[in-house]
Trainee: 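The structure is given below, and queries will be raised subsequently.
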Amino acid sequence: MLDFGCGTGAFSARWLEAERLSVGTLALVEPVRAHLEAAERRLAAHVGEILVLDPALNALGTRRFDLIIANHSLYYVPDLDATARGLVAARAPGGTLVVALLDERNLLAALWRAGFAAMGRPFPFALAGDWEAALARLDVASDREWVRYRIDVPDSTSARTRMSRFLFGAEVVDAHGERLLALFDDYRAGARIVIETAYPHLVAGVTDHRDREGTTSR
């Protein structure tokens, strides 16, 4: 298994624990050293061997992986086509590549885009459609499996600030807070902020390619 953009390893650890799985070899890609070290500690109990790979997968050699996941990490890669080539090449024959990304219809992605527009900046990140286009350029098809979720929090400055920092980072919110916090006005429901939306898991490596509306993935 390869976890591309593993962060602190929390997602993979929860998944392996929930499914009671063990992995012979787990490769980790994470540019933040402190996060990578935390992931190695957290995941050691679930795997026989941990490999650390750089984001360009330069040390891949002949290794190939039965399962590759990228959980909300591909927004930020500097060259999406190069990353797609690397991940597709790293997939073993018959293996599966699963990427989670917000898509253009996701309401948080809409807030993200609106925030950059309000700051007079171009939107800098990749979304699901960009990933699908990168795969298509490699003649690789993928399915969409939908994850539906609801954000329901009290409408307060502190809640809006937390959500804005999640989307834009603390420094950007400190500089442009008033404009960014106002973006949540459209989602007021009484005294609460309510956002009901969905994002896709983009799954490459299955034979029946279709957009599976209504599927909820763990």
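Keep in mind it's a predicted model, so treat the numbers as computed, not measured.
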Trainee: Hey, what do you get for OG1 (Thr96) to CD1 (Ile69), rounding to the nearest 0.5 Å?
Mentor: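 Thr96 atom OG1 to Ile69 atom CD1 measures 12.0 Å (nearest 0.5 Å).
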Trainee: Is there side-chain contact between Leu127 and Leu101, with heavy atoms separated by less than 4.5 Å?
Mentor: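 Sidechains of Leu101 and Leu127: no contact.
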Trainee: Is the shortest side-chain heavy-atom distance between Asp155 and Tyr187 below 4.5 Å?
Mentor: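 Result no, sub-4.5 Å side-chain heavy-atom pair not found.
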Trainee: Side-chain contact test, heavy atoms from C-beta onward, threshold under 4.5 Å: evaluate it for Arg188 versus Ile193 and give yes or no.
Mentor: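 SC-SC contact between Arg188 and Ile193 confirmed.
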Trainee: Give the C-alpha distance, both sets of side-chain angles, the deciding distance and a yes or no for side-chain hydrogen bond (donor to acceptor under 3.5 Å, both in side chains) between Tyr75 and Asp130.
Mentor: CA-CA 10 Å; Tyr75 305 112; Asp130 302 306; over 6 Å; no
Trainee: Any non-hydrogen side-chain atom of Met163 less than 4.5 Å from a side-chain atom of Leu181?
Mentor: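 Met163 vs Leu181: side chains apart.
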Trainee: In the structure I gave you, are the side-chain heavy atoms of Trp15 and Asp3 within less than 4.5 Å of one another anywhere?
Mentor: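 Sidechains of Asp3 and Trp15: no contact.
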Trainee: Is Phe168 reachable from Phe166 through a run of hydrophobic residues whose side-chain heavy atoms are each under 4.5 Å from the next?
Mentor: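 As far as the 4.5 Å side-chain criterion goes, Phe168 and Phe166 are connected within one cluster.
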Trainee: Kindly list each side-chain donor-acceptor pair under 3.5 angstrom involving residues 37-46, sequence neighbours excluded, with atom names and distances?
Mentor:
| residue | atom | partner | partner atom | Å |
| --- | --- | --- | --- | --- |
| Glu37 | OE2 | Arg33 | NE | 3.1 |
| Arg42 | NH1 | Thr8 | O | 3.0 |
| Arg42 | NH1 | Thr8 | OG1 | 3.0 |
| His46 | NE2 | Glu17 | OE2 | 3.4 |

Trainee: Under 3.5 Å, side-chain donor or acceptor atoms of residues 107-126 against the rest of the protein: list the pairs with distances, not counting sequence neighbours.
Mentor:
| residue | atom | partner | partner atom | Å |
| --- | --- | --- | --- | --- |
| Trp112 | NE1 | Leu167 | O | 2.8 |

Trainee: Between Val77 and Pro55, is any pair of side-chain heavy atoms under 4.5 Å apart?
Mentor: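 Sidechains of Pro55 and Val77: no contact.
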Trainee: Walk me through it: do Arg63 and Leu51 pass the test side-chain contact (heavy atoms from CB on, under 4.5 Å)?
Mentor: CA-CA 11 Å; Arg63 288 186 182 269; Leu51 300 177; 3.3 Å; yes
Trainee: Do you know which two heavy atoms are closest between Ser12 and Met1, and how far apart they sit?
Mentor: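 What the structure gives for the nearest pair is OG-CE, 3.5 Å.
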Trainee: Might you point out which heavy atoms bring Arg165 and Ala170 nearest each other, and give the distance in Å?
Mentor: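 Taking Arg165 first and Ala170 second, the nearest heavy atoms are CG-CA, 3.9 Å.
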Trainee: How long is the span from the CZ atom in Arg192 to the CD1 atom in Ile151, to the nearest 0.5 Å?
Mentor: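 Going from CZ on Arg192 over to CD1 on Ile151, the span is 12.5 Å.
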Trainee: Inspect the surroundings of NE2 in His35 and state if more than 12 heavy atoms from other residues, nucleotides or ligands are less than 6.0 Å away.
Mentor: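 Atom NE2 in His35 is not packed in, count stays at 12 or less.
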Trainee: CG of Leu138 to CZ of Arg85: how many Å apart, nearest 0.5 Å?
Mentor: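 Atom-to-atom, Leu138:CG and Arg85:CZ are 7.0 Å apart.
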Trainee: Give the table of side-chain donor-acceptor pairs shorter than 3.5 Å for residues 24-32, with sequence neighbours excluded, one pair per line with atom names and distance.
Mentor:
| residue | atom | partner | partner atom | Å |
| --- | --- | --- | --- | --- |
| Thr25 | OG1 | Glu49 | OE1 | 2.9 |
| Glu30 | OE1 | Gly7 | N | 2.8 |
| Glu30 | OE2 | Val32 | N | 3.0 |

Trainee: For Pro154 versus Ala159, what's the shortest heavy-atom pair and its separation?
Mentor: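 Reported closest heavy-atom pair: O-CB, 3.3 Å.
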Trainee: Measure the shortest side-chain to side-chain distance between Trp131 and Leu87 over non-hydrogen atoms and say whether it is less than 4.5 angstrom.
Mentor: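 Sidechains of Leu87 and Trp131: in contact.
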Trainee: With distance as the sole test, does Asn106 use its side chain to make a donor-acceptor pair with the main-chain N or O of Ala198 at under 3.5 Å?
Mentor: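 Here the side-chain-to-backbone pair exists.
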Trainee: Could you state the interatomic distance from CZ (Arg150) to OG1 (Thr197), rounded to the nearest 0.5 Å?
Mentor: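 Atom-to-atom, Arg150:CZ and Thr197:OG1 are 12.5 Å apart.
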Trainee: Suppose we call two aromatic rings close when their centres sit under 6.0 Å apart. Are His72 and Tyr199 close by that rule?
Mentor: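 Judged by ring-centre distance (under 6.0 Å), His72 and Tyr199 do meet the cut-off.
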Trainee: Can you find a heavy atom in the side chain of Leu202 that is under 4.5 Å from one in the side chain of Arg144?
Mentor: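 Yes. Closest side-chain heavy atoms under 4.5 Å.
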